[in-house]
Amino acid sequence: MEEKNISTVYDPQSVEKKWYSFWEENNLFHAEVEADKQPFSIVIPPPNVTGQLHMGHALDNTLQDILIRWRRMQGYNTLWMPGTDHAGIATQIKVEEMLAQDGVSRYDLGRDEFIKKVWEWKHQYGSRITTQLKSLGASCDWQRERFTMDEGCSQAVREVFVSLYEKGLIYQGNRITNWCPRCNTALSDIEVEHEEKPGNLFHVRYQVEGSDEYITVATTRPETILGDTAVAVHPEDARYKHLIGRSLILPIVGRSLPIVADEYVDPSFGTGAVKITPAHDPNDFEMGLRHELTQIVVMNADGTMADNAGKYAGMDRYECRKALVADLKEQGYLVKIDEHSHAVGHCQRCSTVVEPMVSKQWFVSMEPLAKPAIEAVTSGEIQFVPERFTKIYTNWLDNIRDWCISRQIWWGHRIPAWYCSCGETIVSREDITSCPKCGGTVEQDPDVLDTWFSSALWPFSTMGWPEDTAEVKQFYPTSVLVTGYDIIFFWVARMIMMGLEFKQDIPFKHVFIHGLVRDSQGRKMSKSLGNGIDPLEVIEKYGADTLRFMLITGNTPGNDMRFYWERVESSRNFANKLWNASRFVLMNLEGFDPSFKPSEEKYTLADRWILSRYTKTVTDVTRNLERFELGEAGRLLYEFIWNEFCDWYIEMAKPRLYNKEDGEARGTAQYVLWYVLQNTLKLLHPFMPYITEEIWQHLPHQGVSIMVSPWPEAQVELADNQAEQNMNVIMETIKAIRNMRAEVNVPPGKKSEVILQFAAQAIQTVFSNNLQYLRTLAAAEPIEILSADAAKPENAMTAVASGVEIYMPLKGLIDVEKETARLNKEMENLNKELARISGKLSNPGFVAKAPADVIEKEQAKQREYEEKRVAINERLAYLASL
RNA sequence: GGGGUUAUAGCUCAGUUGGUUAGAGCGCUUCGUUGACAUCGAAGAGGUCUGCAGUUCGAGUCUGCCUAACCCCACCA
């Protein structure tokens with residue numbers, strides 16, 4: 001084999017591209033519908049077409065790819081549906097920015113031309129994010145790649161909109177909604193981020209008409225005074241009861257305002273009197289409806305003051321605030337300005353302070369949809385992992401408000417509603433050109449839908465719905481949805497509602513939630529902070545496997561994690577370790593015939609031990625994958641490969657490999673190395689797809705690729721507790737000898753004479769058959785076995801393992817003081833432990849109630865420690881006699 | 001105002017149904033180029049698991065409270 005020339009350092013760059021193309025060329029990612037095969041499907045959370053791969057994507061897609069690759073190896077008909085999202089506002093902004101470089105605005109182009117430009121942009125740059133996903137190793141079925149604005153998805157959107165409209169679950173209304181003056185569009189409630197900010201509470205007095213009395217009201221937004229149409233007080237408030245029904249004179253404007261009574265007003269807050277601006281505040285809007293107040297719009301869509309604002313018209317809202325406060329003060333209406341911290345809503349996308357505004361928008365009636373969506377989760381049909389997100393989800397749905405779905409932008413799914421001058425509104429599956437009622441010309445609603453509207457349909461729109469396709473039949477509901485907790489409301493909840501409404505079935509069985517990847521100080525990675533780490537940079541420098549492994553280890557589902565380059569290096573080191581262990585195996589596989597199956601009795605203790613550890617690792621890794629504990633599964637593999645396979649087994653196999661005389665022994669060692677390595681590679685493959693493929697292809701193997709090789713099954717017959725127990729004592733002994741050698745600074749090249757004495761014949765036999773391990777791994781030479789009744793050696797260091805007394809005679813005299821201190825320390829530990837155990841065993845409650853195996857375990861430990869204590873005591877007595 | 005998360009070694013974190021002398025990585029100390037690997041190996045130091053109380057034969061693990069940090073939701077002007 002030519003593998004001898006493989007570099008000692010694993011170089012991901014030279015292998016990753018090669019294998020990804022190989023997988024694609026062999027069509028290994030593609031899933032055909034095979035009705036008789038058990039399906040496993042995931043739809044990707046579609047990244048924005050404008051997006052660049054960030055750490056969040058890297059984590060999210062690594063988790064999905066691990067699940068997909070694992071299930072594929074298990075033999076499921078596995079579909080990972082990829083695609084991208086048209087990302088309405090984000091993409092529109094992106095293209096507008098590009099046009100702005102040439103001094104062109106979207107209005108210069110007009111709607112149709114602009115949308116053409118966006119499509120051009122999409123065709124040119126839209127595949128950037130998917131290319132980046134490929135470099136991560138994502139095994140998506142790219143032949144099925146979808147886009148939320150492609151024909152199929154658009155048809156699904158149209159069908160759902162019209163159907164909900166027909167059911168009365170979509171309606172149009174003049175209501176108060178959140179408005180972003182910068183984006184110039186309405187927003188849904190969850191697109192508004194509230195931030196507690198110090199502000200002012202302005203107290204302004206309004207004079208009672210025909211009286212000297214004043215009522216003082218408080219407001220955080222004095223500019224809205226211009227739109228006041230009433231003042232409300234609590235009906236039982238003694239201070240104001242006599243004024244209810246009378247009127248006030250609105251300062252500056254001079255308008256007459258009725259004083260109304262409303263339960264909403266909290267008499268204990270502020271002055272107990274509230275100014276009412278129905279057009280610019282959600283509560284006031286409601287009260288306005290109750291008291292039939294007029295709505296006076298004083299602000300424009302772009303945040304400037306409207307004509308109704310009189311002399312302030314045209315001013316920016318904050319300019320107006322300043323000017324108005326100055327005027328109020330000057331004219332004696334301003335009573336005081338208090339400091340007041342309150343939550344201000346900001347546009348999620350551009351951080352501009354949002355204004356509540358009255359406008360005509362389309363809404364989805366949420367309550368009827370929310371009820372079954374809650375039920376699907378509380379019944380356990382859909383399970384959140386971790387479970388605690390269930391509560392967050394249901395709390396939100398319990399208090400849900402209607403969803404404003406119309407957006408005043410151009411890029412997106414156009415609302416399928418047409419208006420005729422005759423007053424007719426037509427909502428239609430097919431585009432129409434004339435009014436079905438009067439035959440007049442119609443005009444389509446200029447607005448588009450909230451981007452999340454199409455995302456909500458993703459699990460079935462990608463599979464061809466509303467057609468009753470074979471894909472829908474086989475792959476819906478999907479198996480699991482993997483996403484961050486930040487879009488549970490935006491996306492997860494809405495998919496569940498839409499799935500239940502239109503498929504009469506849940507969209508997925510599990511929702512696997514992960515946290516955020518933060519920077520090393522725990523801060524969110526963000527563009528503005530400039531603290532983001534580019535996953536592509538990590539891939540370039542360390543490889544995708546390293547990035548993947550780093551992302552999934554050392555954290556638990558649902559929790560945030562921090563990014564450290566040190567952790568990247570640690571993962572890289574692991575890859576390198578595996579690489580070199582594999583090189584070692586390959587270099588020693590000369591003459592190996594993979595069809596050779598060693599006979600049982602040729603297995604050494606080390607063979608039986610590693611095979612036992614291996615089969616238990618299969619069980620544990622598989623179990624943890626089933627429970628979505630991917631980090632724990634990864635950690636188990638790390639420990640098995642490094643601490644057991646590399647640190648011990650390879651070292652123990654060496655003598656047999658180097659001795660070419662005994663062909664059968666050598667063949668057996670080769671077989672076990674090969675068997676354990678190639679199966680462990682399979683277990684690791686979902687986590688580190690590239691390096692495992694590279695190594696696997698070098699090993700004798702069957703099949704095209706490790707990624708479609710069968711997932712290892714635990715083999716009960718390989719589990720061998722006796723072998724593990726015996727190995728543990730031998731390892732314990734080796735460590736004890738190494739420790740003594742280090743204690744007295746024996747140079748590594750120098751052998752140490754070792755004398756062993758055993759508590760029982762059984763353990764002595766185990767050692768007699770395996771002394772070579774002590775020779776090679778502890779530099780013990782010569783080794784003498786003392787009979788149980790023989791006198792202890794003098795002038796020797798002492799250690800005690802389970803059932804074994806270990807003596808290391810010294811050429812010079814032993815340092816009595818140091819040796820005594822060392823043994824005393826050991827003694828102290830033993831005494832502490834023994835005290836704990838005997839405390840337990842003498843507790844009648846423990847003996848009566850603890851399970852038998854727990855008691856036996858404690859008793860066994862007690863015997864073992866007692867023995868050790870006797871041995872050490874003897875030795876201490878001997879030392880004292882010197 | 002509601003709800004949630006976290007608190008374990010110097011740092012970042014694991015610890016799966018309660019039962020091992022509580023673990024890892026990084027960092028630290030000492031030694032090491034023995035034919036896979038210095039991106040490595042060997043030995044070692046380092047923790048009263050935030051605090052208090054409770055349940056239990058037994059608590060890092062379950063319950064309650066305290067403290068601290070963080071997050072989400074919410075129309076008190």
Side-chain angles (χ1 to χ4, degrees), chain A residues 6 8-10 176 190 194 201 217-221 224 232 264-266 268-277 281-286 340 342-343 356 388-389 391-392 395-396 399 485-486 488-489 515-516 520 522 542 553-556 558-562 564 566-567 569-588 620 623-624 627 629 631-632 635 638-639 643 646-647 650-651 654 658 735 738-743 745-749 776 779 829-830 832-833 836-837 840 843-851 853-855 857-858 861 865:
Chain A
I6 304 176
T8 63
V9 172
Y10 172 62
I176 195 148
I190 48 177
H194 292 273
L201 193 56
V217 299
T219 180
T220 52
R221 294 182 297 153
T224 61
Y264 164 79
V265 180
D266 175 2
S268 66
F269 184 86
T271 60
V274 185
K275 62 187 261 327
I276 302 182
T277 322
D281 183 276
N283 297 310
D284 295 5
F285 179 82
E286 295 296 325
H340 179 67
H342 64 134
R388 71 182 130 96
F389 289 102
K391 200 166 180 183
I392 292 172
N395 277 351
W396 184 70
N399 305 302
Y485 58 70
D486 48 336
I488 292 177
F489 306 148
L516 270 36
S520 61
Y542 294 91
T553 46
N555 76 321
T556 23
N559 286 357
D560 291 352
M561 65 182 302
R562 298 190 190 195
Y564 281 95
E566 289 85 349
R567 301 211 320 115
E569 278 173 18
S570 153
S571 293
R572 185 269 317 267
N573 294 350
F574 173 55
N576 199 241
K577 184 74 183 179
L578 173 66
W579 180 250
N580 279 294
S582 305
R583 276 180 60 239
F584 173 82
V585 173
L586 285 166
M587 289 185 330
N588 288 285
D620 292 347
R623 204 188 77 233
N624 278 292
R627 296 159 11 102
E629 291 282 355
E632 184 66 4
R635 190 188 63 83
Y638 179 102
E639 286 184 352
N643 303 338
C646 293
D647 286 353
I650 284 184
E651 294 307 321
K654 276 178 181 173
Y658 295 154
K735 284 182 192 166
R738 284 170 174 174
N739 182 326
M740 288 190 285
R741 283 168 55 89
E743 202 75 39
N745 295 319
V746 180
T776 53
N829 285 340
L830 278 175
K832 254 199 313 215
E833 261 313 285
R836 192 186 61 81
I837 294 172
K840 251 185 175 180
N843 179 343
F846 176 75
V847 181
K849 293 188 179 174
D853 61 311
V854 173
I855 296 173
K857 228 153 111 189
E858 294 292 339
K861 258 190 292 181
Y865 294 161

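Chain letters run A, B, ... following the sequence lines, proteins first, then strands; residues in each count from 1.
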**Report entry** Phosphate OP1/OP2 of C76(B): any His340(A) side-chain N/O under 4.0 Å
**Finding:** no
Query raised in the report: Does OP1 or OP2 of G4(B) have a side-chain N or O of Lys391(A) closer than 4.0 Å?
Result: yes
Query - Ser570(A) side chain vs Glu566(A) backbone, donor-acceptor pair below 3.5 Å - result: no
Touch class at under 4.0 angstrom, heavy-atom based, for [X] against every strand present:
X         : result
Tyr485(A) : nothing
Arg741(A) : nothing
Tyr542(A) : nothing
Pro356(A) : nothing
Arg388(A) : sugar-phosphate

Requested in this report: Drop me the distance from Asn555(A)'s CG to Arg562(A)'s CZ, to the nearest 0.5 angstrom.
Outcome: 12.5 Å
**Report entry** Nearest-0.5 Å distance, CZ of residue Phe389(A) to CG of residue Asn395(A)
**Finding:** 13.0 Å
Requested in this report: May I ask you to check whether Tyr264(A) and Asp284(A) show a side-chain donor-acceptor distance below 3.5 Å?
Outcome: no
Query raised in the report: Side chains of Asn624(A) and Asp620(A): donor-acceptor distance under 3.5 Å anywhere?
Result: no
Atom [atom1], compared across [N] and [M]: separation rounded to whole Å:
N      : M      : atom1 : answer
C49(B) : C11(B) : P     : 16 Å
U5(B)  : A14(B) : P     : 15 Å
U34(B) : G60(B) : C1'   : 42 Å
A59(B) : A22(B) : P     : 14 Å

So [Y] and [X], do their side chains get closer than 4.5 Å, heavy atoms only?
X         : Y         : result
Lys275(A) : Thr224(A) : yes
Arg836(A) : Lys861(A) : yes
Thr553(A) : Tyr638(A) : no
Trp396(A) : Ile190(A) : yes

Measure the distance from [atom1] on [X] to [atom2] on [N] and round it to the nearest whole Å.
X         : N      : atom1 : atom2 : answer
Glu639(A) : G23(B) : CD    : P     : 11 Å
Asp620(A) : U16(B) : CG    : P     : 13 Å
Asn395(A) : U5(B)  : CG    : P     : 12 Å
Asn745(A) : C31(B) : CG    : P     : 8 Å
Asn829(A) : G47(B) : CG    : P     : 13 Å

Check every atom of [options] against the side chain of [X] and return the nucleotide holding the closest atom.
X         : options                : value
Pro748(A) : A77(B), G32(B), A74(B) : G32(B)
Lys840(A) : A77(B), U21(B), G19(B) : G19(B)
Lys861(A) : U20(B), G19(B), G4(B)  : U20(B)

Query - Partner residues of Arg221(A) under the salt bridge (charged side-chain N to carboxylate O under 4.0 Å, His left out) criterion, sequence neighbours left out - result: Asp281(A), Glu355(A)
Requested in this report: For Lys735(A), check salt bridge (charged side-chain N to carboxylate O under 4.0 Å, His left out) against everything at least two apart and list the hits.
Outcome: none
Report task. Could I get the full list of side chain to side chain contact (heavy atoms under 4.5 Å, CB included) partners for Thr776(A), not counting sequence neighbours? Result -> Pro655(A)
Requested in this report: Starting at the 5' end of nucleotides 35-42 of chain B, put B wherever the base has a protein heavy atom under 4.0 Å, S where only the sugar-phosphate does, and a dash everywhere else.
Outcome: -BB-BSSS
Report summary line: Expected string for nucleotides 7-15 of chain B under the B/S/- scheme (protein heavy atoms, under 4.0 Å, primed atoms plus P, OP1, OP2 as sugar-phosphate) is -----SSSS
Report summary line: A correct dot-bracket answer for RNA chain B, with pairs being Watson-Crick or G-U at under 3.5 Å, [ ] for crossing pairs and | for inter-strand pairs, is (((((((..((((.....[...)))).(((((.......)))))......((((..]....)))).)))))))....
